[in-house]
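Take a look at the structure set out below.
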Amino acid sequence: MTERTQAQQIGFAYEFDTGYPTAAAAAAARDEATFARAVTAYRFWYPTISVDAMFRGNRAIGIHANETMGIASTGPRQIGFTANSDTRSGPTSTRLSTRCGR
């Protein structure tokens with residue numbers, strides 16, 4: 001078997017020369033690894049960033065942690081992940097540390 005055939009059998013489409021990946025194959029592998037890390041980071045941190053954006057938006061309209069609570073009365077016109085007209089939602093944030101300033 002040639003090296004290229006062996007590499008293809010284990011699922012790699014990279015070209016090898018004398019047992020080592022070519023410069024183009026190494027660059028492609030780095031690019032694919034970088035993309036995979038970026039997707040993993042995005043999927044891991046998206047909920048955190050989303051919640052932080054909601055907290056910032058709440059503060060901008062006067063809903064402050066441990067002080068006030070908003071009421072989301074949804075209907076057919078509102079769009080949300082789990083919003084429906086039968087359930088009322090109350091977005092708020094809770095500050096667990098007294099060291100955090102407003």
Side-chain angles (χ1 to χ4, degrees):
M1 257 190 235
T2 66
E3 292 172 21
R4 184 173 172 83
T5 305
Q6 288 173 343
Q8 288 173 341
Q9 280 186 342
I10 58 174
F12 295 105
Y14 305 125
E15 191 170 327
F16 290 83
D17 183 28
T18 64
Y20 295 96
T22 62
R30 279 192 300 275
D31 290 345
E32 290 175 15
T34 299
F35 178 75
R37 286 192 301 270
V39 169
T40 299
Y42 174 83
R43 292 182 70 196
F44 180 81
W45 288 108
Y46 182 79
T48 303
I49 300 303
S50 179
V51 168
D52 183 62
M54 288 190 306
F55 288 168
R56 289 172 188 242
N58 284 345
R59 282 193 298 269
I61 61 172
I63 301 172
H64 297 285
N66 298 342
E67 295 176 10
T68 53
M69 178 176 154
I71 297 175
S73 180
T74 59
R77 295 177 307 163
Q78 284 75 31
I79 298 173
F81 288 123
T82 58
N84 64 63
S85 59
D86 297 330
T87 305
R88 301 296 177 246
S89 301
T92 188
S93 57
T94 304
R95 181 170 292 131
L96 300 176
S97 172
T98 57
R99 291 179 287 164
C100 295
R102 184 173 177 192

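Because the structure is predicted, anything quoted here is derived from the model rather than measured. Scope of the values below: all heavy atoms of this structure, side chains included, with no hydrogens, waters or symmetry mates.
- Among residues at least two apart or in separate chains, there is no salt bridge (charged side-chain N to carboxylate O under 4.0 Å, His left out) pair with a member in residues 19-30.
- Applying the side chain to side chain contact (heavy atoms under 4.5 Å, CB included) test to R43 and every residue at least two apart in sequence or in another chain returns V39.
- Minimum interatomic distance between Y14 and A25 (heavy atoms only, all atoms of both residues): CB-CB, 3.7 Å.
- Residues D17 and T22 approach most closely at CB-CG2, 4.1 Å, considering heavy atoms.
- For the 3.5 Å distance criterion, the side chains of T40 and R37 fail to qualify, holding no donor opposite an acceptor.
- Between T48 and the choices W45, F44, Y46, the side chain to side chain contact (heavy atoms under 4.5 Å, CB included) rule is met once, by W45.
- Closest approach of P21 and A26 over heavy atoms only: CB-N, 4.3 Å.
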